[in-house]
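Read through the structure below, which is laid out as structure tokens, and then see the notes.
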Amino acid sequence: GTNTRVSYMDLETKEIFNNSAGSTNHQSTERVYENFIELLKPIKNSIVKYATCFLSGWDFKADQEILKKHFFNAIKYLNINVIDSFFENDIFAVLQSGLLDDKKGVCLISGTGVLGAAIDGESLNRTIGFGYESGEWGSGSDIGGQVIFQVLSSFQKRDVDCPILTEMVLGYFNVHNCSELAELINSPNANFDNFSKLTPIVFSALDKNCPGALKVLTKAGEELALTVISQYQFLKDNSAPLILGGGVLSNNKILPGFKEKIKEVLKKSSNEIRVVTSEPSLGSLLWSGKSINLETKNIINLISVDRRTL
């Protein structure tokens, strides 16, 4: 959505290198074709045995056709011969990274949006991923919006007092009181993209035992847990590892209510959480390598996973 990473390797898996460019999500930019060219320029005039493309915006059929068109136009322009390829949503790059050598797993990402996925061998499943309207909640933007709701609800004595969170939010928006905050966020110039930047603030307030912060993050934790639970039900194997990615989950502690909700519903579940902290494009590379039966040890050694317990 904001930038795209690509990883390449030779067929002996000894030389692995990366490149980056801007967004390749056509819903975010008109420069998809140009950004694909920038990504692939280092392998101009090459033969590629297998290309795995896990892309943001890979949603409905019309979206998929647009992204494929830009990709294949770019490789034609650069004289790159791609012998075989596989396309899917970018959550599977995170999922493959966290799987390492396992065959089954569930993945949850929360950052700009929320998405869940599961894999069982060659069977793939994922959630719709359009936020509240598609039954999912817990992105950075969702949490930021809930922070505003919590602060203003507390100000109007509708909810628990949260002076710590209120002070932090007022400072962030550079306003003096909650009335000014309400006026600001309802003005024509309000930028709701900034809401996601409130996520570190609410975690900081939680560290200071703010009850409002606890309430916001518990709601997010429980909602994200429901996305995880839905994918375990697809998998029908609660012992498979849970893989987490995205800024909300990889940069912070496990959200309150998250583990508790999963254990409450699933009863018996995997005790292992794997938080992917390396570039997800390495997961795409790992998928490519496995698809053509290459030795993948060198790729796995580059993948960083923070192991936690459920």
Side-chain angles (χ1 to χ4, degrees), residues 1-3 25 27-28 54-59 88-99 105-119 125-150 192-206 213-232 234 241-262 265 270 272-280 283 304-306 308 310:
T2 53
N3 61 81
N25 184 334
Q27 297 156 354
S28 303
F54 290 135
L55 300 169
S56 172
W58 188 264
D59 299 310
E88 244 299 350
N89 188 277
D90 58 346
I91 190 173
F92 289 102
V94 180
L95 177 54
Q96 183 64 73
S97 294
L99 276 180
V106 165
C107 184
L108 171 71
I109 57 174
S110 175
T112 306
V114 177
L115 201 63
I119 186 170
N125 188 66
R126 66 178 174 90
T127 60
I128 299 170
F130 283 99
Y132 181 78
E133 289 77 8
S134 64
E136 296 161 270
W137 196 94
S139 69
S141 297
D142 292 334
I143 292 171
Q146 192 66 23
V147 167
I148 299 294
F149 176 85
Q150 186 66 48
F192 295 101
D193 292 339
N194 286 336
F195 280 14
S196 61
K197 297 176 183 176
L198 293 173
T199 304
I201 289 174
V202 70
F203 273 98
S204 179
L206 180 67
L214 177 61
K215 190 166 184 178
V216 169
L217 291 176
T218 299
K219 173 178 171 61
E222 291 176 348
E223 291 284 348
L224 291 171
L226 292 174
T227 296
V228 168
I229 291 162
S230 74
Q231 296 312 291
Y232 272 112
F234 163 81
L242 171 58
I243 298 157
L244 304 182
V248 172
L249 300 173
S250 60
N251 297 332
N252 301 292
K253 301 173 184 175
I254 300 297
L255 279 71
F258 181 73
K259 297 179 181 180
E260 294 81 358
K261 189 69 173 180
I262 292 174
V265 177
S270 167
E272 184 176 13
I273 295 177
R274 302 175 186 174
V275 183
V276 176
T277 56
S278 54
E279 286 291 344
S304 301
V305 174
D306 179 9
R308 306 180 190 179
L310 190 57

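Everything numeric here is computed off the predicted structure, so don't read it as measured data. Excluded from the calculations below are hydrogen atoms, water molecules and symmetry mates; all remaining heavy atoms, backbone and side chain alike, are included. Residue numbers start at 1 and run along the sequence shown.
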Measuring from [X]:[atom1] to [Y]:[atom2], what's the distance to the nearest 0.5 Å?
X    : Y    : atom1 : atom2 : value
N89  : L115 : CG    : CG    : 5.0 Å
L310 : I254 : CG    : CD1   : 8.5 Å
E136 : I128 : CD    : CD1   : 6.5 Å
L249 : L108 : CG    : CG    : 5.0 Å

Under the side chain to side chain donor-acceptor pair (under 3.5 Å) test, residues paired with [X] that sit two or more places apart:
X    : value
Q146 : none
S278 : none
D142 : S139
N3   : none

Verdict with supporting geometry, I119 and V106, side-chain contact (heavy atoms from CB on, under 4.5 Å): CA-CA 7 Å; I119 186 170; V106 165; over 6 Å; no

With [X] via ring pair (Phe, Tyr, Trp, His ring centres under 6.0 Å) - residues at least two apart:
X    : value
F54  : W287
F149 : none
W58  : F87

Side chains of I109 and V114 in contact at under 4.5 Å (non-hydrogen atoms):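 Answer no - side chains too far apart.
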
Sequence-distant partners of T199, side chain to side chain contact (heavy atoms under 4.5 Å, CB included), two or more places apart: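 T199 satisfies side chain to side chain contact (heavy atoms under 4.5 Å, CB included) with I143, F203, V248, N252 only.
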
Those residues that, when tested against E260, pass side chain to side chain contact (heavy atoms under 4.5 Å, CB included) (two or more places apart):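 Side chain to side chain contact (heavy atoms under 4.5 Å, CB included) list for E260, sorted by chain: empty.
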
Enclosure of F130 CZ (heavy-atom neighbours >12, cutoff 6.0 Å):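 For F130, atom CZ is crowded (more than 12 foreign heavy atoms under 6.0 Å).
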
Show me the side-chain donor-acceptor pairs of residues 217-231 shorter than 3.5 Å, one per line, residues at least two apart or across chains.
unit_1	atom_1	unit_2	atom_2	d
T218	OG1	L214	O	2.7
S230	OG	T227	O	2.6
Q231	OE1	N125	ND2	2.8

Non-neighbouring partners of K259 that pass salt bridge (Lys or Arg N to Asp or Glu O under 4.0 Å), sequence neighbours left out: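 Partners of K259 under the salt bridge (Lys or Arg N to Asp or Glu O under 4.0 Å) test: none.
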
Minimum-distance pair of heavy atoms, taken over all atoms of G140 and S110: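 Minimum heavy-atom contact is N-OG, 4.3 Å.
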
